[in-house]
Amino acid sequence: MVSARVEGHSRTSRLLLIIKLAWRNLWRNRLRTGIMLACMVFGLMGVVTMMGFMTGMYANMIDNAISWQTSHLQISQRHYLQDPDINYVITDPNPIVTALSDSSAVKGFSSRVLVDGMVASARASRGVKIVGVDPEAEAVISPIDSHMSDGSWLTLEGRKPIVVSAKTASRLKLMLGSKVVLTFTNTNKDVTGAAFRVQGIFASPSSEFDESHVYVRDEDLRAAAGVQGIHQIAVLLNSADNFERSQVEQIKAALQAVSDPADEVRDWPQIQPLLATLIGQMATSNAVVLVVFVSAMGFGIINIMLMAVFERTREFGVLMAVGMEKGQIFALIVSESALLGAVGALLGIVASSVLMAVLQSTGISLGNMAAGLGAFGVDTMLYPQVSLATYQWVFVAVMVVSVLAAMYPARQILKQRPVQAMSEKH
Amino acid sequence: MSIAINKLTKTYHADSEFPVHAVQNVDLEINSGEFVAVMGPSGSGKTTLLNLIGGIDTPSSGSVMIDGKDIAELNERQLIGFRRDHVGFIFQDYSLLPVLTALENVEFVMQLQGLSSAECRRRATELLTKVGLAAQMHKVPAKLSGGQQQRVAVARALAPRPRFVMADEPTANLDAQSTAELLDIMQQLNSEEGTTFIFSTHDQRVIKRAKRVIVFEDGQLKQDQCQ
Ligand SMILES: Nc1ncnc2c1ncn2[C@@H]1O[C@H](COP(=O)(O)OP(=O)(O)O)[C@@H](O)[C@H]1O
Ligand SMILES: [Mg+2]
């Protein structure tokens with residue numbers, strides 16, 4: 001027992017000795033180590049920036065889609081999901097509404113009447129989804145009220161107001177106060193119409209969404225179409241990390257439990273599966289960037305470790321002569337490389353996080369590209385997003401590669417016997 | 001403790017067509033506590049002999065017996081342990097670790113042996129004081145003169161209390177005064193600690209101080225006399 005403890009203790013102190021020696025050896029050639037560290041720091045800044053903007057862009061796309069289009073959760077009747085017939089309203093909204101009102105995780109929810117139809121001006125007409133909402137409830141879950149380029153969001157007073165997108169307004173040559181006619185099939189399958197007056201013009205980051213949605217008050221649409229219930233309840237949660245689905249799934253399950261079996265609760269990845277796959281895509285592209293970088297760095301480390309090891313061949317011979325075991329010499333070389341990697345990774349991460357802090361406050365303007373990216377629902381200003389987990393991955397990847405990169409140089413030295421190593425001239 | 005060398009031969013087949021017989025058929029016995037000089041011209045096989053005895057080179061034939069045991073029978077791990085625990089090495093170029101201070105260099109092998117840090121510190125300080133470097137203990141080798149570095153090397157070699165010390169031309173790079181000082185120290189440690197010293201040299205001043213002189217020529221033992 002006691003001797004085992006003493007043996008264990010001296011093994012630790014021998015390891016510390018090796019690490020101390022490795023640390024000092026690392027700084028023997030300050031210039032060479034410094035250049036390698038500079039490479040690692042600038043390389044990591046580039047990699048982190050790239051990953052940060054990639055993540056920022058994907059996150060922006062997802063956040064925009066969630067806030068404008070899907071919300072976190074939607075409840076509809078199952079039949080409506082298969083066939084959006086005006087008569088397929090939610091079977092029993094009451095328990096759902098009660099549950100939503102009671103939940104502290106819910107920021108807000110909006111009950112919507114949805115009708116597919118045509119919007120027509122004197123000049124032209126287009127097919128759109130007509131969204132009938134309670135203006136106040138909708139404003140809580142959607143950013144639309146703060147994205148009015150002209151006029152104002154729906155109000156409770158006034159006769160039959162409608163909010164259209166800037167795109168629709170220009171296609172149909174509409175201005176504030178212009179009259180439009182909405183045409184659709186009512187609950188009796190008769191084609192009917194109603195006139196509305198443009199109260200506001202909005203613009204979302206997605207051109208596709210803009211082209212296909214108009215907003216009116218739910219009571220106006222209900223009256224015109226003869227609908228009794230609601231087609232959809234959209235729910236926004238308080239603080240959902242959109243890359244982390246567990247919270248959303250938890251609340252989804254709770255809501256489904258209180259709903260009528262004929263009604264279905266879906267979370268945003270179900271509503272827009274393509275959007276959910278973006279998260280996987282983002283992880284893949286970030287991994288590719290990281291792997292390419294650490295591979296390049298690995299070859300750099302192999303190179304400087306080979307130099308460092310071969311110029312010290314005689315010294316290793318002496319170490320073997322005085323009784324250092326091969327395993328200890330191997331550990332010495334690997335420690336040198338690992339310490340180089342650790343210092344480079346830490347400095348790189350510190351420098352990157354400073355750069356990220358700056359870019360997060362300034363953002364990067366996409367300028368001309370913005371119009372093209374509108375199709376993907378991306379804002380014109382992008383902010384990089386780098387999670388703690390990303391930094392951890394960067395550190396782990398750099399460390400693993402540093403250790404692997406030391407293997408080849410270390411084996412070259414260990415092939416030699418002490419006399420051979422010592423007879424090497426330096 | 002004794003070293004018994006039997007028909008020891010080392011032949012190199014380097015890149016030349018002719019094999020080099022660095023050590024040929026040498027019989028030799030060295031007893032505990034001796035202070036032996038191996039002399040001979042350059043290329044006569046002194047270094048090879050010391051390397052064979054110290055277990056950092058392996059003979060082509062013949063044997064090196066330490067206390068009746070052939071070191072060729074040790075496996076690699078045992079051989080490393082044998083060198084670490086029983087042999088001290090002193091090299092012509094001092095071969096101290098440049099990144100460690102004098103004190104750390106002396107402590108190093110003891111730390112590899114797993115001695116407690118207090119014990120390492122005590123022994124290293126004691127030895128450095130004996131070799132007259134009490135004031136220079138915390139300097140790195142580059143800040144010491146050649147003579148001082150070689151004295152650190154002597155302290156390092158003796159630190160793990162080896163049974164014998166192999167010194168390959170330890171004074172070749174030293175001036176007359178440093179040489180005299182180093183020999184004083186080695187002789188003093190030889191008598192105080194009872195450590196066997198075997199050193200190679202072609203320096204007459206060093207040979208005069210040895211108790212026993214072995215003369216080498218072309219890898220063969222030509223003369224072996226006590227003085
Ligand atoms: N590693 C080696 N490979 C080939 N020849 C060697 C090697 N080491 C020494 N020799 C040769 O063996 C002979 C003895 O060398 P050495 O023992 O170094 O002599 P000394 O130390 O007396 O100068 C020399 O001829 C030398 O060239
Ligand atoms: Mg020699």
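Not measured: the values here are computed from a predicted model. So that the names make sense, note that chain A is the first sequence line, chain B the second, and so on, each numbered from 1.
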Next on the checklist: Could you tell me if the side chain of A/L17 sits less than 4.5 Å from the side chain of B/F108, heavy atoms only?
Outcome noted: yes

Select, from [options], the one with the greatest count of heavy-atom pairs under 4.5 Å involving chain A.
options                      : result
B/R156, B/R83, B/E107        : B/R83
B/L79, B/L100, B/N51, B/T47  : B/L100
B/T48, B/L96, B/I56          : B/I56
B/E76, B/Q113, B/R77, B/E104 : B/E104

Item to check | side-chain contact (heavy atoms from CB on, under 4.5 Å) between A/E325 and B/R84, worked out | outcome: CA-CA 9 Å; A/E325 290 170 10; B/R84 185 187 58 216; 3.5 Å; yes

Report, as yes or no, whether the 6.0 Å neighbourhood of atom [atom1] on [X] holds more than 12 heavy atoms from other residues, nucleotides or ligands.
X      : atom1 : result
A/R32  : CZ    : yes
A/Y408 : OH    : no
B/D218 : CG    : no
B/H21  : NE2   : yes
A/M45  : CE    : yes

[X] and [Y]: which non-hydrogen atoms are nearest, and at how many Å?
X      : Y      : value
A/A321 : B/F91  : CB-CZ, 4.2 Å
A/R14  : B/L112 : NH1-O, 2.9 Å
A/R314 : B/S95  : NH2-OG, 3.0 Å
B/P98  : A/R28  : CG-NH2, 3.3 Å

Next on the checklist: Is B/D57 in contact with chain A via its backbone, its side chain, both, or neither, using a 4.5 Å heavy-atom distance?
Outcome noted: both

Checklist entry - B/L97 versus chain A, heavy atoms under 4.5 Å apart: side chain, backbone, both or neither? => result side chain

Checklist entry - For A/I18, is it the side chain, the backbone, both, or neither that has a heavy atom closer than 4.5 Å to a heavy atom of chain B? => result neither

Item to check | Separation of A/M320 CE from B/I80 CD1 (nearest 0.5 Å) | outcome: 8.5 Å

